[in-house]
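See structure below.
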Amino acid sequence: MMKKHFQPIILLITILILASCSNKQGQSAASKQEPISLTISAAASMQDALESIKEKFEKEHPDITLTFNFGSSGALQQQISQGAPVDLFLSAAEDKMALLIKDGFIRDSDHMNLVKNNLVLITNKQADTTIDNFADLETLDTEKIAIGIPESVPAGNYAKETLQSLHIWEKIQENIVPAKDVRQVLSYVETNNVAAGIVYGTDAKASATVQVAAIADEASHSPIVYPLGIIKDSKHYQAAKVFYDYLQTPISLEVFKENGFIVN
């Protein structure tokens, strides 16, 4: 008789134990987040700084992996406009960001100006040509000068503005070698394929082969501002917001400063 009374109790206890185990397994599975991969399209001049920040960020956020697509801001903006799967955009020019906001790819509330830069004239340290300022470019005769393509590379547009302000743009156009981005300009100067190049101060800082011959007057070109924005249709908006906020932390801003960017 005793056994018959205990059987329902044992059955009930067994059911409760199984239910508890099932619930814990469900909670454990729910707590394990699927790894997220973010794609960030960023101006080529940002490469060194962002690679350093990536290492720090992924240590703090092991569930988020960062993949960078570096290039000219104009080309990156066009890719996003054509539907490229991007989560964040870091441009080297405000007008490229403004186009994406205007066309509805980025909310006005999801962008901000992150850092600034300056424009410099560089030469190879081993070159024989003496160039001390931008005006000297007019005296180069047939020697070449590299700048980014003004229509798609912000640094190239800033360079054109500076040369126009000095009234030498028309005179040296035949000597201009267009490059797809600032890193290609830097490479041309490093390999002595051109007599001089115009890049950002951060690019010159990253090279042991080149030297800064002159710094462009800020009044000679548009402000060099780097706006950051989250793509509205990002499949990982919350994770993108985490990195968006992380780029504004003292840790990230210190990395930008170390790489020569101007932090407000």
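It should be emphasised that the depicted structure is a prediction, and the values quoted were computed from it without experimental measurement. Positions are given from 1 along the sequence. Computed from heavy atoms alone, side chains included, the values below leave out hydrogens, waters and symmetry copies.
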Note, Leu76 side chain near Phe70 side chain (heavy atom, < 4.5 Å):
no
Taken to the nearest 0.5 Å, the spacing of Glu218 CD from Ser220 OG works out to 9.0 Å
Does a sphere of radius 6.0 Å around NZ in Lys116 hold more than 12 heavy atoms from other residues, nucleotides or ligands, not counting ones at 6.0 Å or beyond?
no
So, do Ile64 and Phe57 sit near enough that their side-chain heavy atoms are less than 4.5 Å apart?
yes
Atom CG of Leu66 and atom CD1 of Ile36: how far apart are they, to the nearest 0.5 Å?
11.0 Å
Connected via hydrophobic side-chain network under 4.5 Å: Ile101 and Val225
no
Do Leu247 and Ile53 make a side-chain contact, defined as non-hydrogen atoms from C-beta onward lying under 4.5 Å apart?
yes
Does Glu51 CD have over 12 foreign heavy atoms under 6.0 Å away?
yes
State, yes or no, whether a side-chain contact exists between Leu163 and Ile198 at a heavy-atom distance under 4.5 Å.
yes
May I ask you to decide if Gly197's main-chain N or O and Tyr188's side chain share a donor-acceptor pair within less than 3.5 Å?
no
When you group the ILVMFWY residues by side-chain heavy-atom contacts below 4.5 Å and let the links chain together, are Val182 and Ile262 in the same group?
no
Got a second to check how far His111's NE2 is from Ser91's OG, nearest 0.5 Å?
10.5 Å
Listed once per pair and sorted, the salt bridge (Lys or Arg N to Asp or Glu O under 4.0 Å) pairs that draw on residues 170-184, sequence neighbours left out:
Asp48-Arg183, Glu138-Lys171, Arg183-Asp203
Can you measure from CG (Asn69) to CG (Leu90) and round to the nearest 0.5 angstrom?
12.0 Å
Side-chain contact, heavy-atom cut-off 4.5 Å: Pro154 with Tyr200?
yes
Work out which heavy atom in Pro178 is nearest to a heavy atom in Gln184; give both atom names and the distance.
O-OE1, 4.5 Å
Pairs meeting criterion salt bridge (Lys or Arg N to Asp or Glu O under 4.0 Å) with involvement of residues 238-259, two or more places apart:
Lys241-Asp245
Can you list every salt bridge (Lys or Arg N to Asp or Glu O under 4.0 Å) pair that touches residues 149-165, not counting sequence neighbours?
none
List for me each residue that meets salt bridge (Lys or Arg N to Asp or Glu O under 4.0 Å) alongside Asp136, sequence neighbours excluded, and say none if there are none.
none
How about Thr202 and Asn117: does a side-chain donor come under 3.5 Å of a side-chain acceptor?
yes
For Ala75, what residues pass the side chain to side chain contact (heavy atoms under 4.5 Å, CB included) criterion, not counting sequence neighbours?
Ser72
Looking at every non-hydrogen atom in both residues, tell me the closest pair between Val185 and Ala146 and how far apart they are.
CG1-O, 3.5 Å
Student check: side-chain heavy atoms of Glu58 and Thr65 closer than 4.5 Å
yes
Applying side chain to side chain contact (heavy atoms under 4.5 Å, CB included), name anything that partners Ala98, two or more places apart in sequence or on another chain.
none
Run the side chain to side chain contact (heavy atoms under 4.5 Å, CB included) test against Thr209 and tell me which residues pass, sequence neighbours left out.
Asn124, Glu190, Ser207
Assess the residue pair Tyr226 and Phe261 against the criterion (ring pair (Phe, Tyr, Trp, His ring centres under 6.0 Å)); give the C-alpha distance rounded to whole Å, side-chain angles, the decisive distance to 0.1 Å, and a yes or no.
CA-CA 10 Å; Tyr226 286 70; Phe261 289 96; 5.3 Å; yes
Can you check whether Thr67 reaches Leu38 side chain to side chain, under 4.5 Å on heavy atoms?
no
Taking every non-hydrogen atom, the tightest pair across Ile230 and Ala240
CG2-CB, 4.0 Å
Give a yes or no on whether the backbone of Ile145 and the side-chain of Asn175 come within a donor-acceptor separation of less than 3.5 Å.
no
Measure the spacing between CD1 of Ile131 and CG of Leu137 and express it to the nearest 0.5 Å.
5.5 Å
Atom pair CG (Leu99) and CD1 (Ile106), whose distance is rounded to the nearest 0.5 Å:
10.5 Å
Hydrophobic clusters here meaning ILVMFWY residues chained together by side-chain heavy-atom distances under 4.5 Å, can you tell me if Val115 and Phe243 are in one?
yes
Can you tell me which residue pairs pass the salt bridge (Lys or Arg N to Asp or Glu O under 4.0 Å) test with a partner in residues 117-133, sequence neighbours excluded?
none
With Gln211, which residues qualify under side-chain hydrogen bond (donor to acceptor under 3.5 Å, both in side chains), at least two apart?
Thr123
Residue list, side chain to side chain contact (heavy atoms under 4.5 Å, CB included) with Glu60, at least two apart or on another chain
Tyr246, Ile251
Could you tell me which residues satisfy ring-ring contact (aromatic ring centres under 6.0 Å, His included) with His221, sequence neighbours excluded, listed by chain and number?
Tyr158
Less than 6.0 angstrom separating the ring centers of Phe89 and Phe105, yes or no?
no
Is the side chain of Thr39 donor-acceptor paired with the backbone N or O of Asp87 at a distance under 3.5 Å, no angle test?
no
For Ile80 versus Ser41, what's the shortest heavy-atom pair and its separation?
CD1-CB, 4.5 Å
Starting from Ile149, walk the hydrophobic network (Ile, Leu, Val, Met, Phe, Trp, Tyr; side-chain heavy atoms closer than 4.5 Å) and list everyone else you reach, by chain and number.
Val153
Count I, L, V, M, F, W, Y as connected when their side-chain heavy atoms are under 4.5 Å apart, and connections chain through other members. Are Tyr244 and Leu100 then in the same cluster?
no
For a quick test of reading the model, state the closest non-hydrogen atom pair linking Ile147 to Gly156 and the distance between them.
CD1-O, 4.0 Å
What I'd like to find out is whether the side chain of Ile215 reaches to under 4.5 Å of the side chain of Leu119, using heavy atoms alone.
no
Given the rule that I, L, V, M, F, W and Y join up when any side-chain heavy atoms are under 4.5 Å apart, are Ile40 and Ile231 in one cluster?
no
Using only atom types and a distance under 3.5 Å, with no angle test, would you say the side chain of Asp103 pairs donor to acceptor with the backbone of Ser81?
no
Test item: side-chain donor near acceptor, Ser252 and Gln248, under 3.5 Å
no
Compute whether any side-chain donor of one residue and acceptor of the other, for Asp110 and Tyr237, lie under 3.5 angstrom apart.
yes
Between Val210 and Leu186, is a side-chain contact (heavy atoms from CB on, under 4.5 Å) present by the stated rule, with each step listed?
CA-CA 8 Å; Val210 307; Leu186 188 65; 4.1 Å; yes
